[in-house]
Amino acid sequence: MAPSRYQYASRTLQAHSKAARAQDDFARRCEALRARLGEDDFLHNRGLGNEIGFFTFCYDASLELRAREFFAQLEAESANGALPCNLIVRNLYDTFLGLLKKKRILAAVPKQEARRGSDHLLKRLRSIATPEALAAELAYEPHQPGDVLLLTGVGEIYPFLRVHTLLDNMHVAFGDIPVVVAYPGRFNGQSFSLFNMLDDGNYYRAFDIS
């Protein structure tokens, strides 16, 4: 049975209301993140109760383009001195492709998928681009006072990587600077939900910026 005009109007109103809430939440989180990037305690990992400075910046996946624009703006503000931090933005999917290129297998990926299928390729790439290997690709030295690492591309790199496994492998190399994960979904302090739909694993050592 086709929906009535009332049902259609009700669904349309609900969709608009959901989109408006997502945009309001995004704007609020943008203000919160910009404020944090200017806080001395945040930049020096103080006031965390002996926890590492890992944070999530969650947003609705429908706002991905707005999020990218916001991150680019923050990066520019950091570069021109408008923010008192050195914001280092790393896209996880680009990091993933860079690792495959370093291993000299990137060009062969399409042929392997055609020959062996997507499932085999996924398993193969996961065995190469492990969380440990990707964490090593992200690592750099020396860390400078005011450095903040912002990780993007979480949705792009799925299903090759689940973010909680990456964070588990970043504790040693990045325990002295703040790390912010731009996450298109939800993090409730215990578990991730990618795109607000997919169970993305449990994690307990991050703080959501909201």
Side-chain angles (χ1 to χ4, degrees), residues 45 48 50-59 61 64 67-68 71 75 86-144 147-209:
N45 281 344
L48 299 175
N50 295 321
E51 287 291 342
I52 55 177
F54 285 9
F55 301 84
T56 56
F57 176 86
C58 298
Y59 59 95
E64 178 65 33
R68 294 180 187 180
F71 302 144
E75 192 173 20
N86 176 33
L87 186 64
I88 303 165
V89 182
R90 293 288 183 268
N91 181 280
L92 293 177
Y93 188 64
D94 289 342
T95 303
F96 170 72
L97 295 180
L99 178 60
L100 297 186
K101 186 175 181 180
K102 182 183 294 187
K103 297 289 186 179
R104 298 183 179 180
I105 62 173
L106 181 60
V109 167
K111 293 180 181 178
Q112 285 294 315
E113 184 172 20
R115 288 177 53 194
R116 306 295 296 274
S118 298
D119 290 342
H120 174 84
L121 178 65
L122 176 60
K123 184 177 180 180
R124 173 64 175 157
L125 293 182
R126 279 177 171 171
S127 71
I128 297 171
T130 64
E132 295 88 348
L134 288 167
E137 285 294 299
L138 293 169
Y140 70 94
E141 292 183 350
H143 296 169
Q144 301 292 339
D147 281 2
V148 179
L149 178 64
L150 173 62
L151 300 179
T152 66
V154 171
E156 297 171 71
I157 201 173
Y158 183 86
F160 300 106
L161 177 76
R162 301 177 75 180
V163 70
H164 75 280
T165 61
L166 176 65
L167 294 179
D168 281 336
N169 286 275
M170 293 179 63
H171 292 172
V172 175
F174 291 97
D176 60 332
I177 65 171
V179 175
V180 180
V181 179
Y183 193 79
R186 292 192 301 264
F187 175 67
N188 62 9
Q190 295 183 325
S191 60
F192 288 101
S193 176
L194 188 62
F195 310 133
N196 297 343
M197 296 187 300
L198 303 175
D199 179 7
D200 203 19
N202 296 328
Y203 191 76
Y204 303 94
R205 302 191 66 182
F207 303 89
D208 189 37
I209 294 176

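For clarity, every value in this text was computed on a predicted model and none was experimentally measured.
Here the CZ atom belonging to R205 is positioned 9.0 Å from the CG atom belonging to D168, to the nearest 0.5 angstrom. Note that NE2 of H164 is 14.0 Å distant from CD of Q190, once rounded to the nearest 0.5 Å. The distance from atom NE2 of H143 to atom CD1 of I177, rounded to the nearest 0.5 Å, is 4.5 Å. Distance check, rounded to the nearest 0.5 Å: CG of L161 to OG1 of T95 gives 10.0 Å.
The salt bridge (charged side-chain N to carboxylate O under 4.0 Å, His left out) test with E137 is passed by exactly one of K101, K103, K102: K102.
The closest donor-acceptor contact from the side chain of R90 to the backbone of G153 lies at 3.5 Å or more, if one exists at all.
Between D147 and Y140, some side-chain heavy-atom pair lies under the 4.5 Å cut-off. In this structure, the side chains of L92 and V154 come closer than 4.5 Å at one or more pairs of heavy atoms.
Using modelled atom types and a 3.5 Å distance limit, the side chains of N86 and Q144 yield no donor-acceptor pair. Between the side chains of D200 and Y183, a donor-acceptor pair is found at a separation under 3.5 Å.
Using cut-offs of 30° and 60° for the angle between ring planes, the H171 and F54 rings count as tilted. Taking the six-membered ring for Trp and thresholds of 30 and 60 degrees, F187 and Y203 have ring planes inclined between 30 and 60 degrees apart.
Annotation: D119, atom CG; neighbour count of heavy atoms from other residues, nucleotides and ligands within 6.0 Å does not exceed 12.
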Checklist line | CA sep, side-chain torsions, deciding dist, call: T56, V163, side-chain contact (heavy atoms from CB on, under 4.5 Å) | finding: CA-CA 11 Å; T56 56; V163 70; over 6 Å; no

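Here the shortest heavy-atom pairing between N169 and A135 reads O-CB, 3.5 Å. Nearest heavy-atom pair across G53 and L48 is CA-CD1, 3.6 Å. Heavy-atom minimum distance, P110 versus L106: CD-O, 3.9 Å.
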